[in-house]
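Below you'll find the structure, written out as structure tokens, and then a few comments.
Letters A, B, ... are given to chains in the order of the sequence lines, protein chains preceding strands, and every chain is numbered from 1. No hydrogens, no waters, no symmetry mates; every other heavy atom, side chains included, goes into these values. Everything numeric in this text was worked out from a predicted model, so none of it was measured.
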There are 2 protein chains.
Amino acid sequence: MTDRLTAVFAALADPVRRDIVARLAGGDATVNELAKPYQISVQAVSKHLKVLETAGLVSRRRDAQRRPCHLEAEVFDLMTKWIERYRRAAEERHSRLDAVLACMHTEPSPNTGPDHTGAAS
Amino acid sequence: MTDRLTAVFAALADPVRRDIVARLAGGDATVNELAKPYQISVQAVSKHLKVLETAGLVSRRRDAQRRPCHLEAEVFDLMTKWIERYRRAAEERHSRLDAVLACMHTEPSPNTGPDHTGAAS
DNA sequence: CCCTTATTCAACCATGAGGTTGCATAAGGG
DNA sequence: CCCTTATGCAACCTCATGGTTGAATAAGGG
């Protein structure tokens, strides 16, 4: 998982981790607090938090034996930026008929006949 | 992968698939066209497209032997909505000192001595 | 009909992710 | 000091994922 975007999307591709993010949005919490609602072991939750931390979605302080987790906002911007770029592109070509033109975008396909795309009804 | 959000995030947690999305934002394309730039086999790309299709990020028509892929916009809204909710929450608590208050969020316990959290410096 | 092109399906392999348990470490509190 | 609490690390298991190759299907074209 070289790049950050991959790490972030992968981190959020798990219901438990998304739930943790949701709960951290309501305030910081310790590993044990976070683990309580789930059936899985505390260690498993600890692993999940490590994933979130590595992805930069979560940071942690020290408070005696506890390691309270804090939701970080910056990374969300990274995702939003990526998504918005393609969402806009997809919406534009959805509203117009660009989709049809796009069929012959890559190569003019000299002999194949460029207008065969019109058959797509 | 029960829910859609999981499928979408998982689909985008792969550089190749994100690249495919990026290229489809520039216009529809066939499997072969999409596969060309990569070293991996056409079959592998076909698999990637199936993942994107299952996640609802891509749809496909039929055009003779070809199956042109088309980027779908709706799913992006789903993601954006999810992200925005928590981004806002994270930013709010970042700007204020809510993080400190959050330490005692789970149990209000007003008599336990609320100022022990002040030790977290 | 057979051949070519485009795409998928099936079987297989290697790796990584999420889960478990058991032990180690950190930090107070009798 | 030992005990309890909170957390992390390591070894292990299982299954999903991404890749491969080889054959099958779909759709034209000579």
Using only side-chain N and O atoms of [X], determine if any of them is under 4.0 Å from OP1 or OP2 of [N].
| X | N | value |
| --- | --- | --- |
| R67(B) | dA6(C) | no |
| S46(A) | dG8(D) | yes |
| H48(A) | dG19(C) | yes |
| N32(B) | dT7(C) | yes |

Quiz item: Between dG19(C) atom P and Y38(A) atom OH, what is the distance in whole Å?
Solution: 11 Å
Practice problem: Quickly work out the L34(A) CG to dT5(D) P distance and round it to whole Å. | Solution: 19 Å
Quiz item: Between R87(A) and E84(A), is there a salt bridge with N-O shorter than 4.0 Å?
Solution: yes
Quiz prompt | salt_bridge(D28(B), R23(B)) N-O dist < 4.0 Å | solution = no
Quiz item: Can you say whether the rings of F9(A) and F9(B) are parallel (under 30°), tilted (30 to 60°) or perpendicular (over 60°)?
Solution: tilted
Quiz item: Using the C1' atoms of five pairs at each end, what's the angle between the two axes of the helix from dC1(C)-dG30(D) to dG30(C)-dC1(D), to 10 degrees?
Solution: 0°
Exercise. Classify the side chain of Q43(B) versus the base of dG18(D) as yes if they form a donor-acceptor pair under 3.5 Å and no if they do not.
Key: no
Exercise. Could you say whether K47(A) or R60(A) is positioned toward the 5' end of DNA chain D, judged by the nucleotide with the nearest heavy atom to each?
Key: R60(A)
